[in-house]
Participant: 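Here it is, the structure, as structure tokens.
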There are 4 protein chains.
Amino acid sequence: MFIQIDMHSSVPIYKQLKTAIISSILSGKLKEGDRLPSVRQLGSDLGINLHTVNKAYNLLKDEGYIIIHRNQGAIISKPTKAGKEDLTEFANALLPIVIEIRARNITRTQFDELMDVIWEQDMIGGDNDEHR
Amino acid sequence: MFIQIDMHSSVPIYKQLKTAIISSILSGKLKEGDRLPSVRQLGSDLGINLHTVNKAYNLLKDEGYIIIHRNQGAIISKPTKAGKEDLTEFANALLPIVIEIRARNITRTQFDELMDVIWEQDMIGGDNDEHR
Amino acid sequence: MFIQIDMHSSVPIYKQLKTAIISSILSGKLKEGDRLPSVRQLGSDLGINLHTVNKAYNLLKDEGYIIIHRNQGAIISKPTKAGKEDLTEFANALLPIVIEIRARNITRTQFDELMDVIWEQDMIGGDNDEHR
Amino acid sequence: MFIQIDMHSSVPIYKQLKTAIISSILSGKLKEGDRLPSVRQLGSDLGINLHTVNKAYNLLKDEGYIIIHRNQGAIISKPTKAGKEDLTEFANALLPIVIEIRARNITRTQFDELMDVIWEQDMIGGDNDEHR
DNA sequence: GTGGTCTAGACCACT
DNA sequence: GTGGTCTAGACCACC
């Protein structure tokens, strides 16, 4: 669990944490059955409030990435995401960013090159060896 | 000026408005020299407060998309975006979305197809056949 | 009367006009007894509203730079500024600008060099031949 | 935080506040890492609306003087002003004042003496002996 | 508790 | 009638 939180970012901490954990799962650093640290542990490791960690864990639980057992903490669950249903949700999130990008006179080719980097990237600080 | 605002979105209204106007400029629906409606006019058209419109206009002014004259409202300005300097800013915005997308088991190819649609898209509801 | 008005500036037009006329007096382009154009004339020359010209003229009258005769237009008056009474007024106007300048790590020497240019300058578009 | 606001000035309150804070930073009364009062706190201290304070803070944020954390208020940031690029901006601001000054028959020497005072000045009412 | 956003209403400067 | 500024009060997200 090498998780980087940017305290200066305008992105809420709980959301950064959630994304970082999903990313670790995708990259294989966290596998089904692995235990996440307790909210207290992780909170103190990252120097953030345990309620913030808790909020991230609950979102991950709601989206099926982890299972929270009352006394045993959080366990990475089987990937069950059916996927692909709601691409429009992502399109809506991407559209404003793409508009800003196009306003910078960035070509589609340049964008694709940027996306190549992003797509392969693990989380900041990640060591990519095994995915894909 | 056919602008769609989603009052229920978590994206702030002023930001939606700003994005919509930039998009209209990109698509050619708004051209250099065109006048934007007054803040009062547009606010009442969209059913939002004039201060919210004002905030969007001021952001557009700060980023060089429009020029605001005290008594004549807002005018679309020459595009002067130098561009390309700070791609990392966009990468940071895209990364969490991409992570969510990958978590849905969407392939890079499928993503590119989605991006084809987004990239070419003018604004929602936009009919852009008449702009020369 | 070669007066440049920047319609894009946030400085009110009437104030730009007033400053430009004072500058012309200082540089000798306008001398005691010279007639200023009528408000209609100057307004149409500059492409601005005659009320705006009128406002500038009235300020100049109030500050003793010109005399307005009901039917003969505005005449440059004898310089009667006693001067030097209220330096604090200027200090207050200069202070915020100086603060911004210092925040840019500009040295006093660099500032003095800048001031050399400003001090000698006639108005934009002015042809300096005779003053000092 | 001893900040003087002139409610009767034609200079907007938020701009006075912004300038005062920059000045405090320059003079060393505010140092990197120091916390500014919350918008509510400072607003009530100064007898102005919190939104007015907020506007000043956001300008300071945009110009890199402070960092605003969602839950911890505003922190003085590292000075990162590159500086020196756009002296013309300042020249334009200084020119009309200089013209008024010259119209008062103030000599360059007298002006320089005035500037000596302004340049060295910390903030009005500031007692800066204790900052290291 | 913090700032972010939105609404609302007011007054002012400018043209 | 235009935007600029200020006030005020409300709700929300975050921690």
Side-chain angles (χ1 to χ4, degrees), chain A residues 5 7 9-17 39 43 46-56, chain B residues 5 7 9-17 35-44 46-59 61 66-75, chain C residues 5 7 9-17 39 43 46-56, chain D residues 5 7 9-17 35-44 46-59 61 66-75:
Chain A
I5 298 293
M7 301 299 285
S9 166
S10 66
V11 179
I13 293 172
Y14 80 92
K15 214 169 277 184
Q16 291 185 52
L17 181 52
V39 292
L46 298 177
I48 62 180
N49 195 294
L50 84 171
H51 294 105
T52 307
V53 178
N54 199 38
K55 184 160 187 174
Chain B
I5 298 294
M7 301 299 286
S9 166
S10 67
V11 179
I13 295 173
Y14 75 86
K15 216 169 275 185
Q16 292 183 51
L17 182 50
R35 268 206 20 214
L36 291 176
S38 78
V39 290
R40 283 173 178 81
Q41 179 69 47
L42 187 52
S44 96
L46 298 177
I48 62 180
N49 192 281
L50 84 170
H51 292 111
T52 307
V53 179
N54 196 34
K55 183 160 186 176
Y57 278 20
N58 269 294
L59 283 174
K61 182 196 68 178
I66 65 176
I67 294 175
I68 298 179
H69 293 81
R70 218 188 292 297
N71 294 306
Q72 288 155 282
I75 310 277
Chain C
I5 298 294
M7 301 299 286
S9 167
S10 67
V11 179
I13 293 173
Y14 80 91
K15 216 170 275 186
Q16 292 184 50
L17 181 52
V39 291
L46 298 175
I48 61 180
N49 193 294
L50 85 171
H51 293 105
T52 307
V53 179
N54 199 38
K55 184 160 187 175
Chain D
I5 298 293
M7 303 298 285
S9 165
S10 68
V11 179
I13 294 173
Y14 76 86
K15 214 170 276 185
Q16 292 184 49
L17 182 51
R35 264 203 28 210
L36 291 177
S38 78
V39 291
R40 282 173 179 79
Q41 180 69 48
L42 188 52
S44 96
L46 298 177
I48 61 179
N49 192 281
L50 84 169
H51 292 110
T52 306
V53 178
N54 196 34
K55 183 160 187 176
Y57 279 19
N58 269 294
L59 283 173
K61 183 196 68 180
I66 65 176
I67 294 174
I68 298 179
H69 293 81
R70 217 187 294 297
N71 295 305
Q72 288 156 282
I75 311 277

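No experiment lies behind these values; they were computed from the predicted model shown. Order of the sequence lines sets the chain letters (A, B, ...), proteins ahead of strands, with each chain counted from 1.
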Participant: For F:dT7 and D:Thr52 - does any side-chain N or O of the residue sit under 4.0 Å from the phosphate oxygens OP1/OP2?
Facilitator: yes
Participant: Tell me the interatomic distance from D:Lys15, atom NZ, to F:dC6, atom C1', rounded to whole angstroms.
Facilitator: 14 Å
Participant: Taking only residues two or more places apart in sequence, or in another chain, which ones meet D:Asn71 in a side-chain contact (heavy atoms from CB on, under 4.5 Å)?
Facilitator: none
Participant: Over all strands shown, is A:Asn54 touching base, sugar-phosphate only, or nothing at heavy-atom distances under 4.0 angstrom?
Facilitator: nothing
Participant: For A:Ile13, which residues count as a side-chain contact (heavy atoms from CB on, under 4.5 Å) partner, sequence neighbours excluded?
Facilitator: A:Ile5, A:Met7, A:Ile48, A:Thr52
Participant: Is any side-chain N or O of B:Ser38 closer than 4.0 Å to OP1 or OP2 of F:dT2?
Facilitator: yes
Participant: In Å, rounded to the nearest 0.5 Å, how long is the span from CG of D:Leu36 to CD1 of D:Ile75?
Facilitator: 8.0 Å
Participant: Rounding to an integer number of Å, can you tell me how far B:Leu17 CG sits from E:dT5 P?
Facilitator: 14 Å
Participant: How about B:Asn54 and B:Leu50: do any of their side-chain heavy atoms sit closer than 4.5 Å?
Facilitator: no
Participant: Atom CG in B:Leu59, atom OH in B:Tyr14: separation rounded to 0.5 Å?
Facilitator: 6.5 Å
Participant: Select from D:Ile13 and A:Ile13 the residue whose nearest nucleotide in DNA chain F is closer to the 5' end of that strand.
Facilitator: D:Ile13
Participant: Give the dot-bracket string for DNA chain E, reading 5' to 3', where a pair is Watson-Crick or G-U wobble with both distances under 3.5 Å, ( ) marks pairs inside the strand, [ ] marks pairs crossing earlier ones, | marks a partner on another strand, and . marks unpaired.
Facilitator: ||||||||||||||.
Participant: What are the two closest heavy atoms between D:Leu17 and D:Leu42, and how far apart are they?
Facilitator: CD1-CD2, 4.1 Å
Participant: Without decimals, in angstroms, what is the distance between B:Ile67 CD1 and F:dT2 C1'?
Facilitator: 16 Å
Participant: I need the CD-P distance between A:Gln16 and F:dA13, as an integer number of Å.
Facilitator: 18 Å
Participant: Once you round it to whole Å, what is the distance between C1' of F:dC15 and CD1 of D:Ile68?
Facilitator: 17 Å
Participant: Give me, pair by pair, the N or O atoms of the protein and of nucleotides 9-13 of chain E that are less than 3.5 Å apart, along with how far apart they are.
Facilitator:
residue : atom : partner : partner atom : Å
E:dG9   : O6   : B:His51 : NE2          : 2.5

Participant: If you look at every strand shown and take non-hydrogen atoms under 4.0 Å, does C:Ile48 touch a base, only sugar-phosphate, or nothing?
Facilitator: nothing
Participant: On DNA chain F, check which nucleotide each of D:Gln72 and B:Lys61 is closest to and give me the residue with the more 5' one.
Facilitator: B:Lys61
Participant: Using atom CE of A:Met7 as one end and atom P of F:dC14 as the other, report the distance to the nearest whole Å.
Facilitator: 14 Å
Participant: What is the separation between atom CG on C:Leu46 and atom P on E:dC14, rounded to the nearest whole Å?
Facilitator: 18 Å
Participant: With sequence neighbours left out, write down each residue that passes side-chain contact (heavy atoms from CB on, under 4.5 Å) with D:Gln72, or none if nothing qualifies.
Facilitator: D:His69
Participant: Given atom CD1 of B:Ile5 and atom P of E:dC6, what is their separation to the nearest angstrom?
Facilitator: 10 Å
Participant: Looking at residues at least two apart in the chain, or sitting in another chain, which of them share a ring pair (Phe, Tyr, Trp, His ring centres under 6.0 Å) with C:His51?
Facilitator: none
Participant: For the residue pair B:Lys61 / B:Asn58, report whether a side-chain donor-acceptor contact shorter than 3.5 Å exists.
Facilitator: yes
Participant: Select from B:Gly47 and D:Ala74 the residue whose nearest nucleotide in DNA chain E is closer to the 5' end of that strand.
Facilitator: D:Ala74
